[in-house]
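Small disclaimer: the values here were computed from a predicted structure and weren't measured. Chain letters run A, B, ... following the sequence lines, proteins first, then strands; residues in each count from 1.
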Amino acid sequence: MSPAVVIDRVWKFHGDFPALRDISLNVEAGSCLALLGRNGAGKTTLLKILAGLSKPGKGAITILGKDARAPETRSLTGVLGHGIGIYDELSAFENLRLFATLYGVKDPKKTADEWLEKTGLDRVRDGLVREFSRGMRQRLAVARVFLHNPALLLLDEPFTALDDRAIAVLQQLLTAARAEGRTIIMSTHQLREALALATDVALISRGKLAFSGERTQDMLDDPGWLYKNYGE
Amino acid sequence: MSPAVVIDRVWKFHGDFPALRDISLNVEAGSCLALLGRNGAGKTTLLKILAGLSKPGKGAITILGKDARAPETRSLTGVLGHGIGIYDELSAFENLRLFATLYGVKDPKKTADEWLEKTGLDRVRDGLVREFSRGMRQRLAVARVFLHNPALLLLDEPFTALDDRAIAVLQQLLTAARAEGRTIIMSTHQLREALALATDVALISRGKLAFSGERTQDMLDDPGWLYKNYGE
Amino acid sequence: MANRAGFIHQVLTIAGKDLRSELRTKETINASVSFSVVMLLLFSFAVDPGAEEVLQIAAGLLWLVFAFASALVLNRSFARELSNDCLDALLSSPAESAEIYFGKCLTNFVLLLMVELVSIPVFGLFYNVFLPAGWPLLIAVLLLGTWALTAIGTMFSAMTVNLRLRELMLPILVYPMMIPALIAAIRLTTVVLLGEPLGENWIWFKLLIVFDVIFTLLAFALVDVVLVG
Amino acid sequence: MANRAGFIHQVLTIAGKDLRSELRTKETINASVSFSVVMLLLFSFAVDPGAEEVLQIAAGLLWLVFAFASALVLNRSFARELSNDCLDALLSSPAESAEIYFGKCLTNFVLLLMVELVSIPVFGLFYNVFLPAGWPLLIAVLLLGTWALTAIGTMFSAMTVNLRLRELMLPILVYPMMIPALIAAIRLTTVVLLGEPLGENWIWFKLLIVFDVIFTLLAFALVDVVLVG
Amino acid sequence: MRQSLILGLAGLAGSVIIWNLYTMFMNVPDEMNQGAIFRIIYFHVPFAIASFIGFFAGMFCGIGFLVKKNFRLDSIAASFAEVSFAFASVTMITGMIWGRIIWGIWWAWDPRLTSYLVCLLLYAGYFMLRRAIDDPTQRAKLSAVLSIFACLDIVLVWKSIEWFRTQHPGPVLSIRNGGGMAPGMEAPIYWNLLALVLLGTSLVLIRMRQEDTKREIDSLRRYAHGM
Ligand code: HEM
Ligand SMILES: Nc1ncnc2c1ncn2[C@@H]1O[C@H](COP(=O)(O)OP(=O)(O)OP(=O)(O)O)[C@@H](O)[C@H]1O
Ligand SMILES: Nc1ncnc2c1ncn2[C@@H]1O[C@H](COP(=O)(O)OP(=O)(O)OP(=O)(O)O)[C@@H](O)[C@H]1O
Ligand SMILES: [Mg+2]
Ligand SMILES: [Mg+2]
């Protein structure tokens with residue numbers, strides 16, 4: 001199995017402060033990587049670079065054999081950041097159609113409707129997102145991320161501020177994605193939820209890669225285990 | 001022991017939509033109430049009213065025997081909302097001094113420095129908050145909330161997006177606060193962290209008070225317990 | 001309401017905070033100064049500054065510049081509190097809405113005066129208008145007119161702070177409101193520039209004062225309703 | 001860069017999105033139209049609108065109105081993307097920075113033209129200026145001038161979104177940037193309104209074109225640097 | 001009940017207007033130096049005055065809301081503002097037509113015209129503010145506050161511009177002051193005013209009901225989305 005993502009000696013500087021220091025990491029295709037680390041460790045920074053939202057200072061990123069900023073690459077990745085990335089003034093359907101079109105999906109309208117159904121939003125198809133509740137927004141955001149069925153999913157703290165039910169929904173969607181062989185990289189502080197899904201774990205501390213490897217039983221038993229052994 | 005907070009048949013309307021419906025609740029002085037509920041249940045709305053940031057549509061709030069909007073009341077409460085409420089363009093010290101002054105603390109400068117020390121921020125005393133990492137900001141925010149030693153603490157999702165260490169720090173600060181007999185009301189979705197601290201629990205569902213009472217062992221054993229039995 | 005001393009003390013604290021963070025990143029002040037200079041420049045292309053009757057319209061242009069430049073300052077005034085929900089932090093502190101309002105007013109007043117102090121000389125250069133004999137009156141007019149802009153502008157800055165289209169709504173709501181004050185200021189300034197006797201123009205002075213008083217009181221009365229949801 | 005067809009397709013998609021959400025609420029449009037009316041009103045106090053030489057300055061006023069009204073539209077342009085980190089969503093999609101930029105440009109261009117189409121007749125009514133003989137030239141000037149405002153404004157709107165650059169560059173640069181274009185537009189419009197022969201004023205026309213070309217290319221080259229941190 | 005009230009008011013207003021039209025065109029003679037066109041005043045002025053009445057009524061409802069927190073009052077306030085705005089536009093248009101014919105120009109920076117324009121702009125802002133706020137409570141409160149500011153401002157505007165323009169009076173005023181009408185000619189103005197007030201009230205009632213339903217729907221939607 002070839003690595004889906006190759007991170008090769010990546011540095012990122014804010015001014016002369018190195019937010020990422022010499023990170024090298026391979027993510028196998030079809031695996032689910034939990035990106036852990038303390039506040040300010042550099043998780044978001046790394047994910048942004050993978051998503052092509054910012055360029056590494058040094059080093060190179062290869063995603064599915066191509067550069068991260070290449071349009072072809074981006075049409076294969078789905079990104080869900082801190083913000084949900086959908087438009088309040090547009091209807092649920094218009095949002096999905098917009099991104100379907102941008103991602104060059106064959107039949108945008110059909111795809112949009114399909115995903116509205118899958119996420120149970122079809123009854124509010126033409127409602128403006130502005131009027132949606134937090135849960136509905138979250139589901140729409142997920143639909144946006146999945147609708148061009150990306151080979152690689154990049155999720156930054158997807159569980160934050162969600163209630164138990166919303167988390168459950170998200171978790172089963174992600175499990176399904178794994179089953180379809182998509183690669184997932186997600187950063188989070190909610191270790192339990194993350195480790196339940198993850199196959200691999202990477203720990204960043206102060207911009208350095210402190211640990212990366214399979215998720216072991218110890219981690220499940222005691223989510224704090226990693227920090228205890230590898231955190232500074 | 002007299003109740004520190006008396007919530008008496010409180011309603012809050014957004015137009016005709018009742019975000020809070022006839023909530024009545026007493027919080028004993030010195031207790032720690034975990035305010036639980038699904039997304040959109042009304043936790044933030046209730047906390048905002050307690051903090052005097054918005055007025056109830058119907059009903060009355062009494063905090064330590066006084067009205068919630070009275071300046072004396074507010075000088076006795078410490079509020080930590082979604083946002084951390086500190087200024088990016090000011091230094092850590094200036095932030096604390098500002099609020100110390102607003103809260104009419106005796107010697108603002110001294111108090112500010114004390115709390116910078118307590119939260120381990122004294123080395124960055126004069127650094128602009130803009131350059132702080134998320135963890136540091138959070139600690140500064142906590143200092144801001146504690147520095148006029150309030151009798152009542154109102155925390156809205158204090159654990160969100162914090163790493164394990166920051167959470168630990170916050171938890172021990174709160175435990176200390178409890179030991180000093182302060183009353184704490186916090187809303188959260190991270191049931192484990194919350195229930196570990198709480199003495200009492202209140203569950204809001206769709207603006208109605210679904211459950212309120214002591215925190216029992218069952219809840220600790222299975223955080224989902226409450227939702228299973230009382231959630232809709 | 002806290003007792004009188006407390007009131008002023010709180011107001012000064014808040015004003016001090018705003019001024020400090022503003023003067024640290026000269027953001028707004030730079031913006032509005034350069035803005036007003038550019039406006040004067042553009043005006044000088046729109047209206048031939050050499051012309052005789054320039055003195056007739058000089059005052060008008062000047063006050064338009066002030067009005068437009070003020071929008072930048074006023075926009076930031078409460079927007080500054082948005083970043084980390086700082087407004088909630090302020091409101092949940094013992095500081096009264098009115099104290100916050102006047103703190104902001106004070107800051108804006110000072111900032112606007114700074115802008116004016118810069119742009120008036122520039123103006124004088126472009127249109128070679130020189131310091132008239134009646135300059136004490138001019139200063140009085142400046143202060144009164146600027147306060148008019150501040151009192152209303154700050155109030156509306158508070159009203160629009162939570163809107164999606166903040167920077168859009170503010171000018172639309174504020175400028176029509178300001179018209180009486182602007183008219184009065186323009187007339188008085190013209191009078192001074194032309195060196196005419198004040199005479200029956202006292203009425204404008206009165207108008208300006210009345211305007212200031214009325215809207216300051218109104219804001220004072222209503223700001224709590226606006227800020228506390 | 002996607003192939004040519006793809007480019008235009010993406011640009012249209014983005015422009016379509018913006019226009020749809022704008023025309024649904026009509027917020028920006030309404031705001032900037034009423035804003036320009038407000039400005040015409042304010043000008044009427046600065047400059048005696050009854051006067052003969054109003055034609056001399058009409059063009060100047062008109063373009064000032066456009067410049068300021070445009071600020072409102074341009075502000076919203078990228079700010080609209082901020083609310084839910086939508087900009088990140090766009091940038092992480094296959095759409096290129098340049099495609100996003102030109103999509104926004106297109107939207108702003110259309111919106112600004114709408115605003116102008118409304119405010120020109122209003123202006124004509126209020127100041128009793130009527131459609132001059134040389135109106136085809138006038139239209140050309142309008143299009144070129146508006147594009148100048150759009151190209152620069154959109155670029156800076158993109159910069160302000162990127163927080164690190166905000167307080168440094170934007171305010172101090174954007175207005176002065178526009179000056180040459182505005183001057184040219186004002187001169188040309190005056191010429192048309194006064195019905196003078198174009199003659200040596202061709203130079204202004206050339207200037208306007210050069211200005212448009214240069215800044216469009218510049219933006220095209222730099223927008224990726226600005227948007228992708 | 002309210003249905004019939006609305007219909008009654010509207011019907012009454014209609015009949016009064018028709019009767020007025022009759023008297024205006026059949027009984028009232030042409031005005032000597034303006035000819036037939038002067039009849040436009042019979043609508044121009046009543047609309048103007050009615051609009052003012054409406055704006056201020058709106059403000060008082062706004063104050064009422066701030067005191068009572070009763071959303072019905074907010075609906076009424078908004079309806080008043082809208083109806084008055086419509087009336088004001090009619091004044092504007094009739095006025096402009098009149099101006100085109102009498103003065104030969106659509107617009108003159110005459111004090112009354114200018115201040116009226118300001119008044120319209122203030123309320124244009126009022127509507128924009130209402131549309132920009134999603135939370136009905138916030139909307140009601142802020143628009144109430146705005147209407148208070150606006151109404152106080154209108155008074156000052158009216159005075160100040162009166163003084164400002166009269167510093168250099170235009171050709172306009174001379175025509176205006178020819179307004180010492182014969183009582184017979186003046187009567188229809190007041191009758192029309194009455195008719196417009198009736199009409200306005202019925203319109204307000206209709207709009208108010210729409211506003212209420214809108215708020216109801218909004219709340220139902222929120223509730224539905226909650227589950
Ligand atoms: C856009 C144009 C106009 C506007 C906005 C306008 C507005 C108004 C308003 C607001 C009033 C009521 C003022 C009050 O009751 O104090 C009024 C009254 C009146 N208008 Fe106009 N007007 C316009 C054009 C004209 C023209 C062209 C004429 C006649 C040549 C005219 C003649 C009158 C007269 C005779 C009154 C009766 C009230 C009085 O005499 O004071 N108006 N107009
Ligand atoms: N725009 C920026 N300018 C300057 N420094 C930055 C910027 N963005 C991030 N940093 C710094 O880079 C470091 C990594 O930030 P990052 O947001 O990636 O951390 P994180 O792992 O996402 O933390 P959290 O878990 O709190 O989200 C932090 O020290 C932060 O201060
Ligand atoms: N400004 C507002 N305008 C209209 N409705 C609002 C407003 N604020 C909150 N609501 C509604 O009130 C209800 C309660 O909101 P609130 O933020 O209190 O929920 P919450 O319990 O804090 O949810 P979360 O856990 O997601 O923070 C929600 O249905 C929300 O839609
Ligand atoms: Mg992060
Ligand atoms: Mg909440």
Side-chain angles (χ1 to χ4, degrees), chain A residues 14-17 19 35-45 81-84 131-139 156-170 187-195 203-207 219 222-232, chain B residues 14-15 17 19 35-44 81-84 124 127 130-141 156-170 187-195 203-207 222-228 231-232:
Chain A
H14 294 296
D16 42 18
F17 168 77
L35 197 60
L36 308 180
R38 295 247 154 85
N39 292 121
K43 303 182 293 299
T44 301
T45 310
H82 282 190
I84 54 179
E131 293 147 359
F132 284 13
S133 73
R134 199 158 174 173
M136 295 160 79
R137 290 159 164 274
Q138 186 69 18
R139 270 183 279 158
D156 194 2
E157 309 198 4
F159 302 117
T160 305
L162 288 189
D163 63 26
D164 54 335
R165 196 193 282 153
I167 288 182
V169 172
L170 190 54
S187 86
T188 183
H189 294 296
Q190 268 141 298
L191 303 176
R192 270 186 199 72
E193 288 78 2
L195 293 174
L203 176 69
I204 304 184
S205 90
R206 302 246 192 80
M219 304 182 189
D222 166 15
W225 184 84
L226 251 181
Y227 284 114
K228 286 201 200 69
N229 299 315
Y230 296 90
E232 77 280 356
Chain B
H14 297 293
F17 171 76
L35 197 57
L36 308 180
R38 293 249 156 82
N39 291 125
K43 303 182 293 298
T44 301
H82 281 191
I84 53 179
V124 289
R130 198 190 313 133
E131 291 142 10
F132 284 13
S133 82
R134 198 157 172 180
M136 295 157 80
R137 292 159 165 274
Q138 186 69 18
R139 271 183 278 161
L140 187 58
D156 194 3
E157 309 198 6
F159 301 116
T160 307
L162 286 191
D163 62 26
D164 56 331
R165 191 195 286 154
I167 287 182
V169 172
L170 188 55
S187 85
T188 183
H189 292 296
Q190 267 142 300
L191 304 174
R192 272 187 196 71
E193 289 77 1
L195 293 174
L203 176 68
I204 303 185
S205 93
R206 299 235 206 96
D222 166 15
W225 184 85
L226 209 50
Y227 283 113
K228 286 198 200 68
E232 79 280 356

At a heavy-atom separation under 4.5 Å, does Leu36(A) approach chain B through its side chain, its backbone, both, or neither? neither
Once you round to the nearest 0.5 Å, how far does NE2 of His189(B) lie from CD1 of Ile167(A)? 8.5 Å
Spacing of Asn39(B) atom CG and Met136(A) atom CE [to the nearest 0.5 Å]: 12.5 Å
By a 4.5 Å heavy-atom criterion (distance strictly below it), what part of Leu162(B) contacts chain A: side chain, backbone, both, or neither? both
Measure distances from Arg134(A) to the heavy atoms of chain B and classify the residue's part below 4.5 Å as side chain, backbone, both or neither. side chain
Which region of Gln190(A), side chain (C-beta onward) or backbone (N, CA, C, O), has a non-hydrogen atom less than 4.5 Å from a non-hydrogen atom of chain B, or is it both or neither? side chain
For the CZ atom of Arg38(A) and the CG atom of Asp164(B), what is their distance to the nearest 0.5 Å? 4.0 Å
Find the distance between CZ (Arg165(A)) and OH (Tyr227(B)) and round it off to the nearest 0.5 Å. 9.5 Å
Out of curiosity, Asp163(B) CG to Thr188(A) OG1, how far, rounded to the nearest 0.5 Å? 11.5 Å
So which part of Arg137(B) gets closer than 4.5 Å to some heavy atom of chain A, the side chain, the backbone, both or neither? neither
